[in-house]
There are 2 protein chains.
Amino acid sequence: MKKRLIVNIVSIMSFILLSQIIRADEGMWPISEIDKLDLRSKGLEITPKEIFNPGGLSLIQAIVYMGATGSFVSPDGLIITNHHVAYGAVQAVSTKENDYIKNGFLAKNRSEEIQAKGKTARITESFRDVSDEVLSVINKGMSFAERTKAIEKKIKQIVAETEKKNPGKRAEVAEMFSGKTYVLFIYTYLKDIRLVYVPPRSIGGFGGETDNWMWPRHTGDFSFMRAYVAPDGSPAEYSPKNVPFRPKRYLQVAPEGVNEGDFVFILGYPARTFRHRTSHFLAFEEEIRLPYVADWYSWQIAVMEEMGKDSRAIAIKHLSRIKGLSNTMKNYRGKLKGLKRLHLVDKKREEEKALQNFIEAEKKLKAKYGDVLEKIGKVYEEIREQAEYELILNYLRRSVNMIYFGYTAYEAAIELQKDDLERESAYMNRNFPLTKQRMELTLRNYYEPTDRVILKEMLRRAARLPENQRLASLETIFEGDNTEKAIENFIEEAYSKTNLSNYQFLMDALTKSPQELKKMNDPFIELAEALYPAYLKLKEAQRAHRGALDQLYAQLMDVKKQFIKKDFIPDANRTLRLTFGRIRGYEPADAVYYQPITTLEGVIEKTTGQEPFDTPQKILNLYRAKDFGRFEHPELKSVPVCILYDMDTIGGNSGSPVLNARGELVGINFDRAFEATINDFAWSEKYSRSIGVDIRYVLWVTQKFGEVEYLLKEMVVRQQKGFLFRIYY
Amino acid sequence: MKKRLIVNIVSIMSFILLSQIIRADEGMWPISEIDKLDLRSKGLEITPKEIFNPGGLSLIQAIVYMGATGSFVSPDGLIITNHHVAYGAVQAVSTKENDYIKNGFLAKNRSEEIQAKGKTARITESFRDVSDEVLSVINKGMSFAERTKAIEKKIKQIVAETEKKNPGKRAEVAEMFSGKTYVLFIYTYLKDIRLVYVPPRSIGGFGGETDNWMWPRHTGDFSFMRAYVAPDGSPAEYSPKNVPFRPKRYLQVAPEGVNEGDFVFILGYPARTFRHRTSHFLAFEEEIRLPYVADWYSWQIAVMEEMGKDSRAIAIKHLSRIKGLSNTMKNYRGKLKGLKRLHLVDKKREEEKALQNFIEAEKKLKAKYGDVLEKIGKVYEEIREQAEYELILNYLRRSVNMIYFGYTAYEAAIELQKDDLERESAYMNRNFPLTKQRMELTLRNYYEPTDRVILKEMLRRAARLPENQRLASLETIFEGDNTEKAIENFIEEAYSKTNLSNYQFLMDALTKSPQELKKMNDPFIELAEALYPAYLKLKEAQRAHRGALDQLYAQLMDVKKQFIKKDFIPDANRTLRLTFGRIRGYEPADAVYYQPITTLEGVIEKTTGQEPFDTPQKILNLYRAKDFGRFEHPELKSVPVCILYDMDTIGGNSGSPVLNARGELVGINFDRAFEATINDFAWSEKYSRSIGVDIRYVLWVTQKFGEVEYLLKEMVVRQQKGFLFRIYY
């Protein structure tokens, strides 16, 4: 296998016999595979080379990853993505006096654009298969944990070498199939991203949590940002001297939009799917993890809403976190509904039974694969047994800001002593700045009373763990007859003594050795030290499970391939994928049909005047005046707002461009229908529908509501229908 | 005008120029008007005479009123109606050991049929216009209250005379247009009604309050009862010697059901509509009455659910009342939504403004009608001012069982001293047995702790009334500094002392003179005596308002007729009406379409195993086995469950037969879609949709689930399609 850094499309996943499994609407196809899809026969009017052209210009150069997906829509680095992708950055610069969430943000010219702190835009430069290299470090004598560690280390080495050879770029290795295939991606990271136009929440977040994960939808979930680089064109941190980035390619906008039945495709960075996992995994999700997390998030949301109910300033501190938790919570509830409704665990079990019969029917297969499923089941049994213990350890660090700070400081002190490649990923030189930045963002919205309540509940739960899972390090806190009182005392003392909410103190702590850290005498750093062995032990156990599963899943794929005589698309893993399909409605329930295009009528219909259904008066006026401009849908006689399609998307696809047959922008993907939250686990022809904001609504709001004429001029909005797609420069 | 007791179809409402206002789907047409509708051109395949044939046989003879509507479906008096119409009677015979609500009721043969206590079935024998007679008692010098009293008295006289001339029949006078038109109906009341087959609540009430007033619906809301008469064929109270009633006509069943777009019509007894009322009335409803009552009912429901949560026996006592209150509460919430969404008050105001302009443009009109609207507005102003006082007085008697008992006993003692015709309607000889029966039913479900809590809340509200509306008779209860404590003391003493929850004591009380009653020394009778003057005064005020409005509305109708140059259908008033339309879906919201036929798939989809979505295992088994028999829908490939149509229905239409173009039974009407709760106030082409259970589901459940083969044999289920409707004997 060649080891050059240019794209090597032939070798990657060449074992996939694509021709056998093409289905119209399913699949997040690795970008290297699309020339095998015969997209022209499906409705594509441009050549696949215009989408992906290794070594030349193509649409993928207009696509960026920024936590979700975005795309360039002008030669001057203008990026269009979702409102909810910009949300955190907008919230960070919002104050009580200058509430950009509420009022929206508009830079009247480039000098008014403000930094979107924490945002970066990642461009995929090239990729190649490195499976052989990665797996070369494995030998039979290794334990599962050793195996995982060896792979992790090898990957770090490949990344380090690659980045050394490509100054200014970042390398990442993606696992395509567990324990089987690994692909090295080389990325450019643009680090100076600025806010350009973000509509008010009452448009960009219209419907809020009520409508989230729902169709019919009426959310104008779009925003404009701009990428900047140093005057020499190289990626650089924010500086007033920076200049707009000139992308190699940007998207053309199709103001006439789409209609029901039209061919569409999406390029984006879907995050994670689990479609190749077994019934044991799904049963664990359905019975244990999803319900626990959904309930825990729902509990936290209630706490934060209560905290913010009398003060807009306190409410703003919680907004972004509530949004994130609600999003996951509702998604999990949707998944639980889907798991039940589609009987996924039962179906998987039946498939596995059939596979087992196939294996047992042949001696050779039986010898090699006979116990693979059973062994996988046993690993999940172990995971299940320690599930609550693991969830509590996990959420102690994730949900309690002070433990997050204290633990990160303590772990940093230990990890920074090691060689870079030996460190936990978050503390490697290449990642540590980002780790610090995340802490800074969390600190900005830190609100002590909330943190206290959440820690209290977590400690209560820890105190209720069964005898054999108790966290020894917490027992000193729980000492005495009255655990409740003991917890309260600990919290009172710790929060009054800690200095970690002081920005300088926190940043200082991140530079210390373990010995120096000890002298800082902070109760949460001390708690972190006490908990540390438990985390280490847990991590070891996770590595062992992961190592075992990697190997077992690789075997499972092998035999499954023989059984069903076809190949699979790898699960989504934040690498560039293409999905295609049609604008299409669905039947969410008996006797109910959802049409695939919503209109401004629905916005008006839903408007109550109360958040989250508080449409701005100006929109109401435009509606009354029927001032729809060129964006009126010819049959619906109103401005289309959102579109629905049967493409295969997942988290990470947020902000992805929805493109028509000519590769022109017709919408921005931002969500899935409630029934499609199940996409993580399975594709459903009946229910898998994703949601985008219609480009006509984007343009109408930008022009008529925002009156941001310069943006419409900057974007290449095609003036005449039928003018075919071409590469502009 | 002839005064014979045979039907006089020519004269009744002959002022209505029907030809001008026929619209396809609107209107609850008085049965006498249907020959003017040209139903044949709309899709009817039989002649209007086959529906209504004065002096001869016709479909209306198969229709009965029993609180809602029912219809005969066999020569042996078999009645089909809704599950929720039988509910109260089923509940009354249910016990913890023998829970017919939960398990359903099935008489394996006629000897097992049990009495549906309190149920009667009313058959319309004939009717005639008596407007001239009624209005002959009015003269110009009368006050509004005197006017109302005079009309009430005259009506009682007409009824008495008519009943004297027609032994065994009951006469009733219905007001068709306020203060304008009155029709005398002669009815036969069948008094021995028995339960035959009632499916379990998990079918007949599937979806419960969650699905109530909702489409898509999956409720098997049907039941079978049977009417019995004395061996000589005359109506008689329950007796084992009674024999099945032989109706003059019964309906034929069309087992192939209907399809989208099919012509259908309904015969039934719609209760009340208010489509001719002014904006003042609607504003009063929207702003005052509907929200107050919805909140009050919702409060009571919460109390009753709390009371019953630990004991099935106590829960059963509250079931029927909760059901009734929830039903009204959700209906009112739907109405409030509709009033807002359709801007009904504003629309009425605009209509009235146009009418006022029309009136003022002509001197003669102005002189006669110039202040009609203003005067109507003033009456509603007065009603508005005393609204809360009136609501509290009203619900003291209606919501608190003990006050209901005490007050009825006290009022009976006074009324029974008077000549029969002078009495309040409830105490006239013809009605008093029914009054007692209602009390008996209430007593059966009486639960003291609930009654105490409800009285407490009512007294609290009364204590908060403004100074000028205080109920003098309650002030003694509230005496002292601590009203709360005073209320509690009163309640404690009154409930421990009262004997009204003793059946014999209560029935005794209903036979006493006021003097004898006093000696019974019951605190709730004493409270009734104290409150009595307030009720009398209120009644007088209501009569005055009613008298004023009757006259004013009559004037309004006159001038409105001149203005819009067409006539109106009278508001529904529990008299026999026909409505026609088509099986038809609708769009409840932007991008959502509801199809008009639901299927068994939807039942399965909704089934959670928890009430109210706890489908019986046998249904799940039949579904899995695809044992649909002859009832599978050819395109939907499943058993249809409910149907939706654009006919004009209202409460009272429950249980009405849905008939196809040949007058055959294809469904049983039982509800409206949420958006159609507004039917009381206005017809909406877009939203007015009503819901019936599909005859295929009725027959499938009866055959496959209930295995009640004899019922299918007893009903005339047509075996061959295309066999046209005919009169059977």
Side-chain angles (χ1 to χ4, degrees), chain A residues 206-207 210-211 214-219 260 336-338 340-343 346 583-610 613 615 623-624 633 635-644 673 675 686-687 689 691 694 697, chain B residues 206-207 210-211 214-219 260 336-338 340-343 583-610 613 615 620 623-624 633 635-644 673 675 686-687 689 691 694 697:
Chain A
F206 183 78
T210 313
D211 273 11
M214 291 296 203
W215 184 262
R217 195 62 157 280
H218 298 86
T219 313
E260 184 160 3
L336 286 166
K337 183 184 167 189
K340 196 165 165 284
R341 169 143 89 167
L342 298 171
H343 307 286
D346 287 346
I583 302 295
R584 187 175 164 199
Y586 76 115
E587 293 186 19
D590 185 37
V592 181
Y593 177 69
Y594 284 165
Q595 286 148 351
I597 301 180
T598 62
T599 67
L600 197 52
E601 310 299 308
V603 175
I604 305 305
E605 212 173 78
K606 283 182 179 173
T607 296
T608 60
Q610 301 298 307
F613 296 104
T615 304
Y623 169 77
R624 256 182 232 126
H633 188 287
E635 289 103 50
L636 300 173
K637 302 287 176 214
S638 188
V639 181
V641 174
C642 290
I643 46 178
L644 189 76
E675 290 74 14
K686 216 171 148 187
Y687 298 124
R689 296 290 180 280
I691 302 172
D694 193 297
Y697 195 54
Chain B
F206 183 78
T210 313
D211 272 11
M214 292 295 203
W215 183 261
R217 194 62 156 280
H218 298 86
T219 313
E260 185 160 4
L336 286 164
K337 183 183 168 191
K340 197 166 164 279
R341 169 144 88 167
L342 298 171
H343 306 287
I583 302 295
R584 189 176 164 198
Y586 76 115
E587 292 187 19
D590 185 37
V592 182
Y593 177 69
Y594 285 165
Q595 287 148 349
I597 302 181
T598 62
T599 66
L600 197 52
E601 309 300 308
V603 175
I604 305 305
E605 212 172 78
K606 283 182 179 173
T607 297
T608 61
Q610 301 298 308
F613 296 104
T615 305
L620 302 178
Y623 169 77
R624 256 183 231 127
H633 188 287
E635 289 102 49
L636 301 173
K637 303 286 176 215
S638 188
V639 181
V641 173
C642 290
I643 47 178
L644 189 75
E675 289 74 14
K686 218 172 147 185
Y687 297 123
R689 296 290 180 279
I691 302 172
D694 193 298
Y697 195 53

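Convention: sequence-line order gives letters A, B, ...; per-chain numbering from 1.
Between chain A and the residues B:Ser638, B:Cys642, B:Ala591, the most heavy-atom pairs under 4.5 angstrom are made by B:Ala591. Chain B forms more heavy-atom pairs under 4.5 Å with one residue of A:Arg341, A:Glu601, A:Glu605 than with any other, namely A:Glu605.
In A:Lys337, the NZ atom is crowded: over 12 heavy atoms of neighbouring residues, nucleotides or ligands sit closer than 6.0 Å.
Inter-residue side-chain proximity for A:Val641 and A:Phe206 is flagged as unmet; no heavy-atom pair is nearer than 4.5 Å.
A:Ile597 touches chain B through its backbone: at least one of N, CA, C or O sits under 4.5 Å from a heavy atom, while the side chain does not. Interface residue A:Lys340: only side-chain heavy atoms are found under 4.5 Å from chain B.
Residue A:Val603 comes nearest to A:Thr607 through the heavy atom pair O-OG1, 2.6 Å, listed as atom of the first residue, atom of the second, then distance. Residues A:Pro640 and A:Tyr697 approach most closely at O-CB, 3.3 Å, considering heavy atoms.
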